[in-house]
**Q** 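The structure follows.
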Number of protein chains: 4
Amino acid sequence: MLNRVILIGRLTKDPELRYTPAGVAVTQFTLAVDRPFTSGGSKEREADFINIVTWRQLAETCANYLRKGRLTAVEGRIQVRNYDNNEGKRVYVTEVIADNVRFLESNNSAGSREEGGSSNSNASYGGGSGSGNRGGGSREQQDPFIDDGKPIDISDDDLPF
Amino acid sequence: MLNRVILIGRLTKDPELRYTPAGVAVTQFTLAVDRPFTSGGSKEREADFINIVTWRQLAETCANYLRKGRLTAVEGRIQVRNYDNNEGKRVYVTEVIADNVRFLESNNSAGSREEGGSSNSNASYGGGSGSGNRGGGSREQQDPFIDDGKPIDISDDDLPF
Amino acid sequence: MLNRVILIGRLTKDPELRYTPAGVAVTQFTLAVDRPFTSGGSKEREADFINIVTWRQLAETCANYLRKGRLTAVEGRIQVRNYDNNEGKRVYVTEVIADNVRFLESNNSAGSREEGGSSNSNASYGGGSGSGNRGGGSREQQDPFIDDGKPIDISDDDLPF
Amino acid sequence: MLNRVILIGRLTKDPELRYTPAGVAVTQFTLAVDRPFTSGGSKEREADFINIVTWRQLAETCANYLRKGRLTAVEGRIQVRNYDNNEGKRVYVTEVIADNVRFLESNNSAGSREEGGSSNSNASYGGGSGSGNRGGGSREQQDPFIDDGKPIDISDDDLPF
DNA sequence: TTTT
DNA sequence: TTTT
């Protein structure tokens with residue numbers, strides 16, 4: 001009924017931009033968010049590693065301007081998806097669907113994604129057949145982020161907005 | 001660095017109260033949070049099912065006053081734990097560690113937990129051996145919520161506060 | 001750069017719906033939000049009284065469904081306006097501009113606003129001249145909520161969305 | 001009942017540290033938070049100027065590490081105080097009482113407050129007479145931030161924590 | 001495995 | 001000027 005998350009942390013890697021078969025941009029990255037305490041007597045700083053997903057225009061902006069290590073604020077909502085893995089076991093995935101992302105560190109190394117060079121993850125899956133197995137109207141979808149080298153099987157109907 | 005979550009939803013079941021071997025109360029429940037949209041053309045309301053964990057005094061208050069179906073507000077932070085399951089595979093668990101819980105529906109059916117009768121989950125694991133497999137100082141802990149009928153193997157060092 | 005507020009409290013009065021000269025709906029109400037502590041040794045519960053503003057469709061929904069005393073959740077952002085009062089003194093007004101409102105108590109007494117009877121505040125100022133003192137492009141606007149019996153002088157340009 | 005605010009913005013000035021007569025540290029500063037839109041057709045960026053108050057240890061940390069212009073995240077709650085001004089008129093003051101402050105820009109110009117030199121606002125009002133007019137147990141307190149050159153008249157009973 |  |  002109400003579902004709001006606000007995080008500040010650093011990207012663990014460059015963001016990954018993909019496209020659904022219908023051509024909708026979706027970018028995924030992970031935020032390392034330091035915990036406000038140290039536990040177990042250890043003095044090593046711990047963090048939570050939280051998966052972030054953005055869609056459409058925001059996805060492209062994130063892919064263009066965010067990079068590994070950048071301090072970033074994210075606003076969004078928690079989403080829990082589930083899908084059946086290759087052993088037929090149900091897997092639950094928790095992500096934050098972001099609708100607002102703030103870049104807290106300037107892009108002094110200039111650089112849109114294309115200039116970066118160090119990243120090769122912005123492959124477009126815009127073609128894609130969407131091969132079948134979505135019949136029946138089931139709300140249990142495949143994981144769009146399992147990298148099986150095939151186009152992701154997700155329709156625009158699955159978009160959260 | 002900053003990690004804040006606010007949720008309003010309904011309990012999918014009665015909360016479950018346990019105790020660590022050191023006697024610290026921990027209560028777990030799941031909140032069904034309706035999504036603000038309907039997707040896939042379907043008209044059925046969808047929800048995210050989000051696991052909530054509370055500790056100490058708040059855990060006992062939640063166990064005493066929350067029940068299945070109650071509208072509840074939760075404030076806390078996202079935590080991502082991981083542990084190795086019985087096939088030696090790493091499993092990731094995302095939960096909201098709550099530090100503030102608001103009961104939005106009055107307890108008209110009166111009833112502290114003890115009077116409820118319908119619930120049998122407030123078993124105390126206060127004794128517990130807690131020995132053995134925590135050596136090595138690893139921060140990867142077992143899942144305290146896997147119900148194997150044995151006392152949960154978690155020390156006070158693992159407490160988030 | 002990021003500005004997010006979440007409140008749960010009760011309406012101190014019925015909401016007030018008005019319209020800008022251009023016909024845009026704007027609803028105002030005050031939320032009494034109990035503080036989580038008692039201060040000064042007194043045992044009386046204290047509260048903060050926080051002004052909420054909603055626009056357009058949400059404004060009409062709030063006017064239709066919210067009533068004095070209702071438990072309500074509000075999501076939005078803090079806005080600080082200022083205007084010059086009749087003594088030529090600058091006055092600062094802090095409000096929460098809501099973009100999400102949740103009705104936490106059901107409307108068991110049924111009743112859209114029109115059926116309520118106890119309220120007479122949904123006067124429409126849809127006509128209105130809206131002339132005169134907005135020249136010069138100043139961002140300091142008059143207070144739209146000062147009730148001087150005249151149409152409020154606010155253009156659609158001032159709308160926050 | 002629930003009251004949560006999260007802001008990211010920049011300090012409009014150096015923070016001001018004071019002490020209550022009982023010796024409790026309180027720091028005040030203003031955050032300029034850019035709005036996510038431009039209104040009125042103007043292309044000038046607008047901002048909300050939001051007053052922040054911190055107490056005790058956090059107050060001293062803020063006074064030591066925050067400076068004018070620094071990008072800062074603040075977590076807290078909205079508080080609405082009121083007091084009677086010198087014309088006997090009731091004035092309402094809205095502030096954010098912060099319980100978590102994150103410094104998003106490093107202190108490369110080194111400098112604890114004492115080394116800063118440019119600031120003279122960390123005067124301690126630790127002595128203070130507390131001259132009388134708090135009898136009667138009224139919850140309407142004087143504004144601690146009106147700068148009249150006299151010690152602020154506030155007792156520990158007024159502290160929010 | 002899910003709530004109204 | 002304030003709500004349960």
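Labels below follow one simple rule: chain letters A, B, ... track the order of the sequence lines, proteins then strands, and each chain is numbered from 1. Note that the structure is a prediction, hence the values are computed from the model and not measured.
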**Q** Nearest whole Å is fine: how far is E:dT3 P from B:Arg10 CZ?
**A** 12 Å
**Q** State whether the side chain of D:Asn82 and the backbone N or O of D:Val91 hold a donor-acceptor pair below 3.5 Å, judged by distance alone.
**A** no
**Q** Run the salt-bridge test on B:Asp84 and B:Arg90 with the 4.0 Å N-O cut-off and return the result as yes or no.
**A** yes
**Q** Establish, with yes or no, whether the OP1 or OP2 oxygen of E:dT3 is under 4.0 angstrom from a side-chain nitrogen or oxygen of B:Arg70.
**A** no
**Q** Round to the nearest Å and state the distance from B:Leu104 atom CG to F:dT3 atom P.
**A** 20 Å
**Q** F:dT4 P sits how many Å from C:Lys13 NZ, rounded?
**A** 14 Å
**Q** Looking only at side-chain atoms of D:Tyr92, point me to the closest of E:dT3, F:dT3, F:dT2.
**A** F:dT2
**Q** Can you tell which of F:dT4, F:dT2, E:dT1 lies closest to the side chain of C:Thr12?
**A** F:dT2
**Q** Closest to the C:Phe49 side chain: F:dT2, E:dT4, F:dT1?
**A** F:dT2
**Q** Specify the separation, in whole Å, of atom CZ of C:Phe103 and atom C1' of E:dT4.
**A** 17 Å
**Q** Counting only side-chain heavy atoms from C-beta out, which of F:dT1, E:dT1, F:dT2 sits nearest to C:Thr30?
**A** F:dT2
**Q** Could you tell me how far apart C:Ile50 (CD1) and F:dT3 (P) are, to the nearest whole angstrom?
**A** 15 Å
**Q** I need the CG-C1' distance between C:Leu31 and F:dT1, as an integer number of Å.
**A** 16 Å
**Q** Do B:Asp99 and B:Arg4 sit within salt-bridge range, that is, some charged N less than 4.0 Å from a carboxylate O?
**A** yes
**Q** Quickly work out the C:Ile52 CD1 to F:dT3 C1' distance and round it to whole Å.
**A** 13 Å
**Q** Could you check how far CG of C:Asn51 sits from P of F:dT2, rounded to whole Å?
**A** 13 Å
**Q** Walk me through whether C:Ile97 and C:Trp55 qualify under side-chain contact (heavy atoms from CB on, under 4.5 Å).
**A** CA-CA 8 Å; C:Ile97 311 299; C:Trp55 289 93; 4.2 Å; yes
**Q** Would you call B:Asp48 and B:Arg35 a salt bridge, using N to O less than 4.0 angstrom?
**A** yes
**Q** Contact class for C:Gly9 (heavy atom, under 4.0 Å): base, sugar-phosphate, or nothing?
**A** nothing
